[in-house]
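Taking it in order: structure first as structure tokens, then the write-up.
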Protein chains: 2
Amino acid sequence: MPLRSIKPPHETRTRILDAAEELFMQHGFEGTSMRLLTAKAGANLAAVNYHFGSKDALIEAVFRRRLDAMNAQRIAELDRLEKEAGGRALSPNAIIRAFVGVSLRMIEDARDGGRNFIRLLGRTYSDPHKPIRALIGQLYAPAMARFKPAFERALPQMPRDELIWRLHFMFGTLAYTIAATDTVHLIAGCKPEDRYDARLLEARLTAFLEAGLLAPPHTAEDVKKAA
Amino acid sequence: MPLRSIKPPHETRTRILDAAEELFMQHGFEGTSMRLLTAKAGANLAAVNYHFGSKDALIEAVFRRRLDAMNAQRIAELDRLEKEAGGRALSPNAIIRAFVGVSLRMIEDARDGGRNFIRLLGRTYSDPHKPIRALIGQLYAPAMARFKPAFERALPQMPRDELIWRLHFMFGTLAYTIAATDTVHLIAGCKPEDRYDARLLEARLTAFLEAGLLAPPHTAEDVKKAA
DNA sequence: GTCTATAGACGGATAGAC
DNA sequence: GTCTATCCGTCTATAGAC
């Protein structure tokens, strides 16, 4: 058995990606220097350029590593549900769970750093930087193309533009929840005990999102009241 | 009438704050240099340190300028509603509108730059940087202290921990909505026409939030399903 | 209050030895 | 693949003239 270097748990490339997830989450992309990052990864400063080419390419690699797998998991889950249902339409509740469950379960995944990534992802949704937006949009496209028709089928009576906005709101609630779950104390005054119990959080969030998705449509009067 | 400098519409201090809102929104705090910022403001590089002391102090001033007024407006609106209602409890719908309306109306306010601030605010909610979090929490505290009891009174039957989570979700939906309203096309595939009609957006968002707030509580079975 | 000039630290990226 | 050394640009902040 060959001697292994002192460095692992993982290879340099992997350690850099792990460090990047944590530091980008904490300090943002521009606020994270390659010096700090490589130091945290136990790698040399030049290693980022050797393995990824540039800082920007590293950022892209960070998202590709996880998002493709996450969205594949969502689609597989939806496939499974539809197969189980035979020809019957799925409930909105089940479709919501298939989407949000993947993210929420990662909150608990402290072992391999999924928790860092999911929080990074949550804060990146509200980053207006164009290349980032384009990348995120591209990586989500397959899942969106699969879930939107599923919701349309589950809610055939809902106007399409209303549905789009409600999916948008749901997406936003999820994004904020995964980015800022540890700020509930802003509202509570103290931290609830269950904040990292993914199953309880999924039940709470799904109840909220399902009700919002199925809300009665707004009326012309509601629009007038908003003056 | 004395000759005015070529520089105004506003004073240097104001122009710096306006430029800061726009650039911080676009590039984040760390991604915005004082060189670019003062250039955009038509001011000298040294002006930031003269007027604010440091970059960090400028960041704080950017939030103080708007948030105190916004939250005072929210509280005044709630005062007015309660006075109108005499002793009767307010509807959750009305309380929600009093809170979200202030933010949503600013989305349309391109004239004095409120739109830039509101988008900056939306993305700052998911910034984990501790001093920023502390500042935001501090500036929101008076409004939170006023709105939480109002919701509790409107929903006396709802368990307190459930209410806290639902307020948290509502806060998050609003944050994402104001930060990323121009990304609906991610879901839609094309941009809806009404994205900047504040009244329509308020009606849509309020319908969603009210339903989520009033959702039936999750059951023990829901938690089990989330495995 | 506004300017120029500059200090002094830090940024990403690369060349070239091993 | 990994290292050291270094180029060169940018950063915040300040000193001091006007």
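To find a chain, count down the sequence lines: A is the first, B the second, and so on, and within it residues start at 1. We use all heavy atoms of the structure for the numbers below, so side chains are in, but hydrogens, waters and symmetry mates are not.
- Nearest nucleotide to the A:Ala46 side chain, out of C:dT14, C:dG11, D:dA13: C:dT14.
- The nearest heavy atom of DNA chain C to A:Met34 and to B:Thr12 marks one nucleotide each, and the one closer to the 5' end goes with B:Thr12.
- Whole-Å rounding puts the B:Lys55 NZ to C:dA9 P distance at 19 Å.
- The residues B:Lys40 and B:Glu22 are annotated as salt-bridged, a charged nitrogen and a carboxylate oxygen being separated by less than 4.0 angstrom.
- When heavy atoms are screened at a 4.0 angstrom cut-off, B:Thr38 is found touching no nucleic acid atom at all.
- Side-chain polar atoms of A:Arg74 and A:Ser103 form a donor-acceptor pair below 3.5 angstrom.
- To the nearest angstrom, C1' of C:dG12 lies 16 Å from CD of B:Glu30.
- Note on A:Ser33: every side-chain N or O is 4.0 Å or more away from OP1 and OP2 of C:dC10.
- Ring geometry, B:Phe147 versus B:Phe99: the interplanar angle exceeds 60°, so the pair is classed perpendicular (tilted spans 30 to 60°).
- Proximity of B:Asn49 to the phosphate of D:dT12: no side-chain N or O atom is located under 4.0 Å from OP1 or OP2.
- Residue B:Arg35 places no side-chain atom within donor-acceptor reach of the base of D:dT10, judged by atom type and a 3.5 Å distance cut-off alone.
- Atom P of nucleotide D:dA13 and atom CG of B:Asn44 are separated by 15 Å, given to the nearest angstrom.
- Ring geometry for A:Phe208 against B:Phe169 counts as tilted: the plane angle lies between 30° and 60°, on a 0 to 90° scale.
- Rounded to an integer number of Å, the gap from CG of B:Leu37 to C1' of D:dA13 is 15 Å.
- Electrostatic pairing of A:Arg166 and A:Glu162 counts as a salt bridge here, judged by a charged N lying under 4.0 Å from a carboxylate O.
- Here the C1' atom of nucleotide C:dC18 and the OH atom of A:Tyr50 are 14 Å apart, to the nearest Å.
- Atom-to-atom, CZ of A:Arg15 to P of D:dG1 comes out at 13 Å; the value is rounded to the nearest Å.
- Residues A:His51 and A:Leu45 each lie close to DNA chain D; by heavy-atom proximity, the contact nearer the 5' end of the strand is made by A:His51.
- Atom CG in A:Leu58 sits about 10 Å away from atom P in C:dA13, given to the nearest Å.
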